[in-house]
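Structure first, then comments.
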Amino acid sequence: MPGPKLHIGQLLVQKGLIDEDQLAHAVNEQKRTGIHLSKILTRLGFVSEEQVTLTLSEQLQASQHKRIGELLVEKNYITVEQRDRALEEQKQTGLKLGRMLMQLGFMTEERLIEILSAQLEIPTVNLGDLVIPQEVLQLLSEEFCRSYKVIPLIVRGRTLTLAMHDPSNQRTLDHIRFKVQMEIEPVMASEKDISETINRVYVGSASGEAMKELARLNEDEDLQTVNKDQEAAALEEQLSDEEGQQVIKLVNSIIQDAIARRASDIHLEPQETFLKLRIRIDGDLMVLPPIPARLMPQVLSRVKLLSHMDIAEKRKPLDGRFTVRARGKEVDLRVSSFPVSLRKRGVVEKIVMRILDPTAGQIDLDKMGLRAAVFRELDYAIHLPNGILLVTGPTGSGKSTTLYASIRRILDNTINITTMEDPVEMNIEGVNQGQINNAAGFSFASGIRAILRQDPDVIMIGEMRDRETASMAIESALTGHLVFSTLHTNDAAGAFPRLLEMGLEPFLVATAIKGVLAQRLVRKICQNCKEEDNTVEPSLRKELGIPEDMKFYKGKGCVKCDTTGYKGRIGIFEFLVPSEEVRNLILKRASGDEIKRVCLAQGMSTLRMDGMDKARAGITTLEQILGASERDEDTKMMG
């Protein structure tokens, strides 16, 4: 591999940021994957991206070209006196000499660019109305481009052509080269030209297109706020001018578009010069055209007003909620504000809207991607007369969706189902759903005590957060109730040590727990652009025990999947039903790893195994599975 890639590793060793063993490990990974050494070092967690960038910048040598001041004097563009005056002023202001000469009127920006271009042998470019592909713009954020006075223009192979105001700045070049993992071909442009182009391609035209799109959407169908109060109506009257109506339409459009694209969250994130807009689709955030800064306060206030939040209070986090009717259905939005501090604007509010579409999560249990054997075992467990069924996984892994699907499957008029949730994400007809309110003293623990006086058959507890809640859940299970709940653990076997850490007695845990379902969500390959993935390295196949002739797939990217190659998500699961041997291990307070080894020997299918089956079937990618699951100790995943 090229020398510089090893050089950065040696520099990091010299600075004491990594040791020789870490460098050797990273170099081996580089030889295996072909990825830049700096990228591997950050992926492995040995150093941060900032540490690598700083190390590179500290090693930069001064330019070999003549100093710009001397060159301008030699060419008779400025006098010695003008140069010396500019140098004196530069000491006071800290500005670059070229900028100082321009401010003093000794040199125009056009002439300065011409000189620098000749000196550095770098071509100039007139950006004008140049059309820049969207995929190129996504390489660098608007904020980054404004900060460094650059703009990406075109990608050819592994080389990015970059318009820069100061292409002599090696630190900036190295930073961008590291950031995009491409070679950089700089071209020169005036600062004004770069700034105007950023306004046009990132904010100006983007927000203009967003406004056009919102107009089209609102022509098709208005977004209606359900149960809108008099205060909201009064604000709409106050915003009767053109800009005010634009804000109302813009907020409606953002919500409509997110619902139509089946997003789970909308992020409104204030920046110094614009309001950043992102939506989360299938677990990943996607950047949308930004909102102009002049509309930022009105947009944020509009959302707070719809959510029945105090518009005047911006110093502390607030929560709210409202319902809209879009495309013939009602959708709830749970809103959260969080004060953030910007250097120029001071304290402003970041707002996140969680979209709770009552139809989006209504997936039947048998349509969730469970293996046939796992589905049979889980279906048996949810129909038991008593005991506890736990669903484990990190936040956003679909635990609530699984519990709702389980409740709908067993729901009928002969049983009484009561839930305690924080918050209630989806209303199910025929189920008594309680909303936790800690401020009013309605906690999970106190809620269970109240529910037990309500003659329940099935109880759902949103989460086992503490010992009191878990103890009450076990007591309920042992007195003839079926309890559903969630727990934050990495795998199914880890649920038992977690409960023991809460202070529960091992014999109670071993008796009450009837099953633990661990799950993760992975992105599904877009079936419209699915193709065979030939990029799986032989060394990776060998490491994972994957046969050389086994095929995997990926999405090429198309219009239907927004060029991501993915569309929708599916779960990967492992279901642990405690056997007699596992119960004995619980009584001995065995670790999660010990319990897992026994379950594997008894034939349990793990998250990694289930995921590899789905990757082999072309449902998801190998990359998604490796990122969502851990390797099973002492096992071969494809064995």
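For the residue pair E421 and T419, a side-chain donor N or O sits within less than 3.5 Å of a side-chain acceptor on the partner. Between the side chains of T621 and Y566, at least one donor N or O lies within less than 3.5 Å of an accepting N or O. If you check the side chains of E594 and S591, you find a donor sitting under 3.5 Å from an acceptor.
Ion pairing of E269 with R278 is present here, as a side-chain N (NZ or NE/NH1/NH2) and a carboxylate O approach within less than 4.0 Å. The residues R280 and D284 are annotated as not salt-bridged, no charged nitrogen and carboxylate oxygen being separated by less than 4.0 angstrom. Taking 4.0 Å as the cut-off between side-chain N and carboxylate O, R262 and D282 do not count as a salt-bridged pair. A salt bridge links R465 to D422: at least one charged side-chain nitrogen sits closer than 4.0 Å to a carboxylate oxygen. Contact check on D364 versus R409 returns no salt bridge, with no Lys/Arg side-chain nitrogen under 4.0 Å from an Asp/Glu carboxylate oxygen. In this structure, D257 pairs ionically with R261, as a charged nitrogen and a carboxylate oxygen lie closer than 4.0 Å.
Partners of Y148 by ring pair (Phe, Tyr, Trp, His ring centres under 6.0 Å), not counting sequence neighbours, listed by chain and number: F144, H175.
Between H267 and K350, the closest side-chain pair of non-hydrogen atoms falls below 4.5 Å. Proximity of L390 to M464: side-chain heavy atoms (C-beta onward) are separated by under 4.5 Å at one or more points.
Residues E574 and L607 approach most closely at OE1-N, 3.0 Å, considering heavy atoms.
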